[in-house]
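This report refers to the structure that appears directly beneath it.
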Amino acid sequence: MKYSTPRGTRDILPDESHALRWIQSKIAELLTLNNYQEIQTPIFESADLFQRAVGETTDIVEKEMYIFQDKGDRTMALRPEGTASVVRAFLQHNAIFQKRKVTKLFYQGPMFRYERPQTGRYRQFHQMGVEAIGSVSPYLDVETMMMGVDIFQKLGLQDVSLAVNSVGCEVCRPVIRERLKQFVESILSQLCEDCQSRFDRNPLRILDCKNPTCQTYFTGLPDIQSALCHDCSDHFLSVMTLLDEHHVPHTIDAHLVRGLDYYTKTVFEIRSNVLGAQNAICGGGRYDNLIAEMGGRKTPAFGYAIGMDRLYMVLKEIQAYLPTQPVSRFVLIGMGSKAKEKAFQTTLLLRQKGIQAEFMFKEGSVNDGLKEALAQGATFAVILGEQELEQDFYTVKHLKEKRQFTVKTVEELLVL
RNA sequence: GUGGAUGUAGCUCAGUUGGUUAGAGCUCCGGUUUGUGGUACCGGAGGUCGGGGGUUCGAAUCCCCUCGUCCACCCCA
């Protein structure tokens with residue numbers, strides 16, 4: 001094959017495409033119930049928007065962005081995530097959004113990251129995400145996470161787990177970071193290469209190391225929660241209490257640290273165990289400083305994104321209900337030029353009445369026509385030949401029941 | 001970016017210690033059958049053996065490089 005999809009990209013073929021649209025519309029319904037409105041932002045933006053929002057030292061910015069110069073010599077980037085753009089839009093259209101205390105927006109579309117492809121991980125992948133901007137209330141954290149869990153349950157995916165953690169704020173995070181570094185410093189040479197590089201770049205990530213030899217050195221490692229400031233600690237406690245009160249099953253994952261710099265306080269993931277290592281189908285959290293950092297007034301917010309490719313794979317795997325493509329109700333077969341013309345007219349008429357129908361283009365026998373009708377999954381084949389033309393009727397065959405009969409008019413076809 | 005597996009027809013896969021024109025099943029197309037379908041029978045199409053280089057009288061087979069796919073790490077959705 002001379003051409004194929006670029007590495008890490010894929011064609012979404014009709015069956016999946018149809019199912020994905022349906023999934024999107026189901027999710028959008030639920031988001032609307034929660035008062036979210038859709039926003040569409042550009043697929044590429046100024047590269048420094050993402051560098052600033054996501055963080056200079058994150059993997060996404062350091063090595064995964066698709067960056068290019070446009071003809072005006074601007075440095076642009078294909079968006080690696082959605083939050084930065086939504087926040088940018090929120091600030092840019094301040095006049096529209098400032099009327100409300102809380103602005104709830106959702107988006108959907110492709111994101112791009114230059115990574116090594118794997119199951120459930122692509123260079124172009126599809127996310128559907130939400131951003132609720134304007135409240136510090138733990139109720140917002142809980143409402144939003146519950147909505148996430150609800151989405152999966154409504155789609156028939158019961159078996160998910162909600163993992164929650166707090167990463168602190170600008171006050172306590174530096175403290176946590178320092179304590180961790182102090183503890184780790186003495187044993188640093190014993191740890192794996194990844195941990196050694198994390199030490200400078202993102203020490204919190206050391207907590208998350210899966211290397212068993214590293215883990216043996218970690219007894220007594222300070223955990224994040226014990227180091228949270230009052231405000232963060234209270235907030236975390238409130239979120240936990242609310243989740244309990246509303247009977248939302250969840251686990252506290254002290255190792256859950258996100259790779260985007262803008263998160264503060266609550267972070268969470270929703271996981272499914274059917275995809276192997278790529279178990280996160282939804283992830284996000286609170287970002288109370290990002291909007292101020294990007295030049296706005298200090299405005300707290302909470303958001304997350306769902307990985308649509310992964311979600312589809314999971315739903316497919318557990319054999320959840322997914323709609324199949326609608327098929328033609330009728331296939332019109334005309335033999336000879338006159339009958340063909342009448343078949344064509346009938347096809348158009350059926351479609352005008354809102355009935356899915358297909359015209360048999362090929363010159364051929366009834367045989368070919370029936371085969372075609374069958375291949376299309378049609379319910380009825382309508383046969384027009386010399387006899388039908390002379391005596392002005394339609395021969396109709398119910399393909400599954402192998403039942404054949406005649407009708408006089410198109411109206412009779414409509415009510416079949 | 002690191003490590004491992006893998007690549008033969010549209011699909012699933014055979015292919016011996018290196019040996020002539022690389023096979024099978026399914027799919028597809030044609031015919032038996034220009035007025036009745038999924039079956040049956042007959043016939044046919046389809047492959048630079050992922051690509052490039054090397055070893056050899058001779059390479060799908062051995063060696064090197066490269067590209068793609070899959071899995072794990074990293075990271076994330």
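Source: prediction; values computed, not measured. Convention: sequence-line order gives letters A, B, ...; per-chain numbering from 1. Computed over heavy atoms, backbone and side chain alike; hydrogens, waters and symmetry mates excluded.
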Using the side-chain contact (heavy atoms from CB on, under 4.5 Å) rule, take Leu162(A) and Phe268(A) through it: C-alpha gap first, then chi angles, then the decisive distance, then the call.
-> CA-CA 7 Å; Leu162(A) 170 64; Phe268(A) 78 101; 3.6 Å; yes

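- At least one test fails for Arg79(A) against the ring of Phe50(A): distance under 6.0 Å to the centre or angle within 45° of the axis.
- Taking atom P on both G58(B) and G19(B), the two are 14 Å apart, rounded to the nearest angstrom.
- Rounded to a whole angstrom, the distance from the P atom of G1(B) to that of G10(B) is 31 Å.
- In this structure, Leu350(A) and Leu332(A) have side chains that are in contact, with non-hydrogen atoms separated by less than 4.5 Å.
- What separates CZ of Arg123(A) from P of A77(B) is a distance of 18 Å, to the nearest Å.
- Straight-line distance from the CG atom of Leu315(A) to the P atom of A77(B): 19 Å, rounded to whole Å.
- In this entry the distance linking CZ of Arg121(A) with P of A77(B) reads 12 Å, nearest Å.
- Separating the P atom of A60(B) from that of G53(B) is a span of 14 Å, rounded to the nearest Å.
- At C70(B), none of the side-chain N or O atoms of Gln118(A) fall inside 4.0 Å of OP1 or OP2 (strictly under the cut-off).
- Donor-acceptor pairing under 3.5 Å is lacking for the side chains of Thr264(A) and Glu170(A).
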Output one line per pair: protein atom, nucleotide atom from nucleotides 29-36 of chain B, and distance, for all N/O pairs under 3.5 Å.
{"residue": "G30(B)", "atom": "OP1", "partner": "Lys362(A)", "partner atom": "NZ", "Å": "3.3"}
{"residue": "U33(B)", "atom": "O2", "partner": "Asn367(A)", "partner atom": "ND2", "Å": "3.2"}
{"residue": "G35(B)", "atom": "O6", "partner": "Glu386(A)", "partner atom": "N", "Å": "2.8"}
{"residue": "G35(B)", "atom": "O6", "partner": "Gln387(A)", "partner atom": "N", "Å": "3.2"}
{"residue": "G35(B)", "atom": "O6", "partner": "Glu388(A)", "partner atom": "OE1", "Å": "3.2"}
{"residue": "G35(B)", "atom": "N1", "partner": "Glu388(A)", "partner atom": "OE1", "Å": "2.8"}
{"residue": "G35(B)", "atom": "N1", "partner": "Glu388(A)", "partner atom": "OE2", "Å": "3.2"}
{"residue": "G35(B)", "atom": "N2", "partner": "Glu388(A)", "partner atom": "OE2", "Å": "2.7"}
{"residue": "U36(B)", "atom": "O2", "partner": "Lys397(A)", "partner atom": "NZ", "Å": "3.2"}
{"residue": "U36(B)", "atom": "O2", "partner": "Gln404(A)", "partner atom": "OE1", "Å": "3.2"}
{"residue": "U36(B)", "atom": "N3", "partner": "Gln404(A)", "partner atom": "OE1", "Å": "3.0"}
{"residue": "U36(B)", "atom": "N3", "partner": "Gln404(A)", "partner atom": "NE2", "Å": "3.2"}
{"residue": "U36(B)", "atom": "O4", "partner": "Gln404(A)", "partner atom": "NE2", "Å": "2.9"}

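- Atom CE in Met65(A) sits about 18 Å away from atom P in C75(B), given to the nearest Å.
- With Tyr312(A) as the partner, the side-chain contact (heavy atoms from CB on, under 4.5 Å) test is satisfied by one option alone out of Ile12(A), Leu155(A), Leu20(A): Leu20(A).
- When the C1' atom is compared between A59(B) and G43(B), the two are found 34 Å apart, to the nearest whole Å.
- Among the heavy atoms of the strands lying under 4.0 Å from Tyr122(A) is at least one base atom, whether or not backbone atoms are also near.
- At whole-Å resolution of the value, CD in Glu401(A) and P in G37(B) are 18 Å apart.
- With respect to the salt-bridge test (charged N to carboxylate O, under 4.0 angstrom), the residues Asp261(A) and Arg52(A) do not qualify.
- For G47(B) and A9(B), the P atoms lie 10 Å apart once the distance is rounded to whole Å.
- Across all strands, Gly120(A) comes closer than 4.0 Å to base atoms (heavy-atom distances).
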Does the pair Val257(A) and Tyr263(A) meet the rule for a side-chain contact (heavy atoms from CB on, under 4.5 Å), with working shown?
-> CA-CA 9 Å; Val257(A) 179; Tyr263(A) 288 114; over 6 Å; no

Carefully, step by step, assess Tyr394(A) and Lys342(A) under the rule side-chain contact (heavy atoms from CB on, under 4.5 Å).
-> CA-CA 10 Å; Tyr394(A) 299 86; Lys342(A) 184 170 181 182; 3.6 Å; yes

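- A24(B) sits 12 Å from A45(B) when the P atoms are compared, rounded to a whole Å.
- Taking the charged nitrogens against the carboxylate oxygens, Glu386(A) and Lys340(A) have no contact shorter than 4.0 Å, which rules out a salt bridge.
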Restricting to nitrogen or oxygen on both sides, can you table the protein-nucleotides 3-8 of chain B pairs closer than 3.5 Å?
{"residue": "G3(B)", "atom": "O6", "partner": "Arg116(A)", "partner atom": "NH2", "Å": "3.2"}

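- Comparing the same atom, C1', in U17(B) and in C75(B) gives a spacing of 47 Å after rounding to whole Å.
- Contacts of Glu115(A) with the nucleic acid, taken as non-hydrogen atoms under 4.0 Å apart, include base atoms.
- One can place CZ of Arg10(A) at 15 Å from C1' of U69(B), the figure rounded to the nearest angstrom.
- Here G37(B) presents its P atom at 18 Å from CD of Gln376(A), a figure rounded to the nearest Å.
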Based on Watson-Crick and G-U pairs with both distances under 3.5 Å, what dot-bracket line describes RNA chain B 5' to 3', crossing pairs as [ ] and inter-strand pairs as |?
-> (((((((..((((.....[...)))).(((((.......))))).....(((((..]....))))))))))))....

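- If you check the side chains of Gln278(A) and Gln118(A), you find a donor sitting under 3.5 Å from an acceptor.
- As judged by a 4.0 angstrom heavy-atom cut-off over every strand, Gly148(A) is placed among residues making no nucleic acid contact.
- Positionally, the nearest nucleotide of RNA chain B for Tyr114(A) lies more toward the 5' end than for the other of His126(A) and Tyr114(A).
- One finds a salt bridge joining Arg258(A) and Glu269(A) here, because a Lys/Arg side-chain nitrogen approaches an Asp/Glu carboxylate oxygen to under 4.0 Å.
- Map Arg7(A) and Gln127(A) each onto its nearest nucleotide of RNA chain B; the residue landing nearer the 5' end is Arg7(A).
- The two residues Ser85(A) and Glu45(A) make their nearest non-hydrogen contact at OG-OE2, 2.8 Å.
- Residues Glu16(A) and Arg10(A) are paired through a salt bridge, judged by an N-O separation under 4.0 Å between the basic side chain and the carboxylate.
- If you check every strand for non-hydrogen atoms under 4.0 Å, Leu260(A) touches sugar and phosphate atoms only.
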